[in-house]
Amino acid sequence: MWNQFRTDEYEGMLAETVSVTGYNGDLIHTYFSRPLGKGPFPGIILVAHLPGWDEFYRETSRRFAQHGYLAICPDIYCRLGHGLPEEIAALARSAGGVSDASVVGDCRGAMKYLRTLPYCNGKVGIIGTCSGGRHSFLVACRLAGLDAAVDCWGGRVVAPKEELTAAQPIAPIDYTKDLSCPLLGIFGNDDQSPSPEQVNRLEEEIKRHGKSYRFYRYDGAGHGFWYYHTDRYRPQQAMDAWQKVFQFFGEHLKR
Amino acid sequence: MKTLQFLIDNICADFTVNSLLGLVMACLARGPSTMSDITQTIMQKDRSLDARCAEGLATGAVQALSESGAVNVVGSLVYATGPAAGPL
């Protein structure tokens, strides 16, 4: 939880780029942050949003490490090349986004990597925002072995047929029956992707399949309300949602 | 405006509706612009956007501004309305 540490407590962290084997056996970069010490620590996979494998995700990874998690953020855009995050994001957009299959494969690689670490407690969660929120939900449905998932305002989880593509051939909501771990959803009521109606639709489907979940919907917040580097930032709602995330991961990954 | 908000949210562009409309109006304050000019302005502001995404935002923004009477579209050019803003 925020600001809940003793001032005489030892604290240390390591953050670095680590290569792991991802989808199709490809070697991909990840940004890996971990607390120093023997642990054991739970792991969290962070799935970057479409603005790219960027500084926000590096800082967010370190935030999780600060709170006692092994945080790994795979570069799901790695196959498009390298450059500034925004340059690669533009390439990804131009290509219609990365394929769902490659994201699931990259997250599988990240999960396997975490579980090989001697200081991992064996539990692994996943979180993503925006398109990463969509991916987080998708991966939690397609990949067995995760212990908790957080979908932060993932757009197009509920998607009409005309929005489906070869790279993203099935709306993630259609995989709900396969959701393999508890889910936390964080949404802004002013968001239009996902709209409040789409969030309700997803909740109905999750209920229908009897899955474990908690959804929080915030008034006065729209898409991306954690993004403190943009005009979208809503500090009160963001900090409350962060508390919910730490509480959720604490319950499912640390116990 | 809801449509424009959807366009922004759907691609997670680094804009609010107001900041996008403000950017387009600032572009038009320099003189009449084509949709291509506006698209380029949007891409320069959020460099994570590709041309297709930026064009969608440009179209949505001009449509919203046109409906509010802030701009006129004449042929291939977009004019800000108001004194010395255009030929209409």
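Here is the naming used below: chain letters follow the sequence lines, and residue numbers restart at 1 for every chain. As a basis for the values below, the full set of heavy atoms in this structure was taken, side chains included, without hydrogen atoms, waters or symmetry mates.
In this model, a donor atom of one side chain and an acceptor atom of the other lie less than 3.5 Å apart for A:Ser193 and B:Asn10. In this structure, a donor-acceptor pair under 3.5 Å is absent between the side chains of A:Arg232 and B:Thr16.
For A:Asp190, the part sitting under 4.5 Å from any heavy atom of chain B is the backbone (N, CA, C, O) and nothing else. For a residue to count as touching a neighbouring chain, one of its non-hydrogen atoms must lie under 4.5 Å from one of that chain's; by this rule B:Cys53 touches chain A with the side chain only. Both the backbone and the side chain of B:Ile8 come within less than 4.5 Å of a heavy atom of chain A.
Within 6.0 Å of CD in A:Gln243 there are more than 12 heavy atoms belonging to other residues, nucleotides or ligands. Within a 6.0 Å radius of NZ in B:Lys45, no more than 12 heavy atoms belonging to other residues, nucleotides or ligands are found. The environment of A:Glu16 atom CD is dense: over 12 non-hydrogen atoms of other residues, nucleotides or ligands sit within 6.0 angstrom.
For the atom pair CG (B:Asp14) and CG (A:Asp231), the distance works out to 7.5 Å, reported to the nearest 0.5 Å. Here the straight-line distance linking atom CD of B:Gln5 with atom CG of A:Asp191 works out to 7.5 Å at 0.5 Å rounding.
One N or O on the side chain of A:Arg93 and one on the backbone of B:Ser48 form a donor-acceptor pair closer than 3.5 Å.
Every residue meeting the side-chain hydrogen bond (donor to acceptor under 3.5 Å, both in side chains) condition with B:Asp37, not counting sequence neighbours, appears here in chain and number order: B:Thr34.
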- [ ] Take B:Phe6 and A:Ser195 through the test side-chain contact (heavy atoms from CB on, under 4.5 Å) and record every step on the way to the result.
- [x] CA-CA 8 Å; B:Phe6 168 77; A:Ser195 65; over 6 Å; no
Task: Step-by-step side-chain hydrogen bond (donor to acceptor under 3.5 Å, both in side chains) determination, A:Ser94 to B:Arg52 - done: CA-CA 7 Å; A:Ser94 188; B:Arg52 186 176 51 85; over 6 Å; no
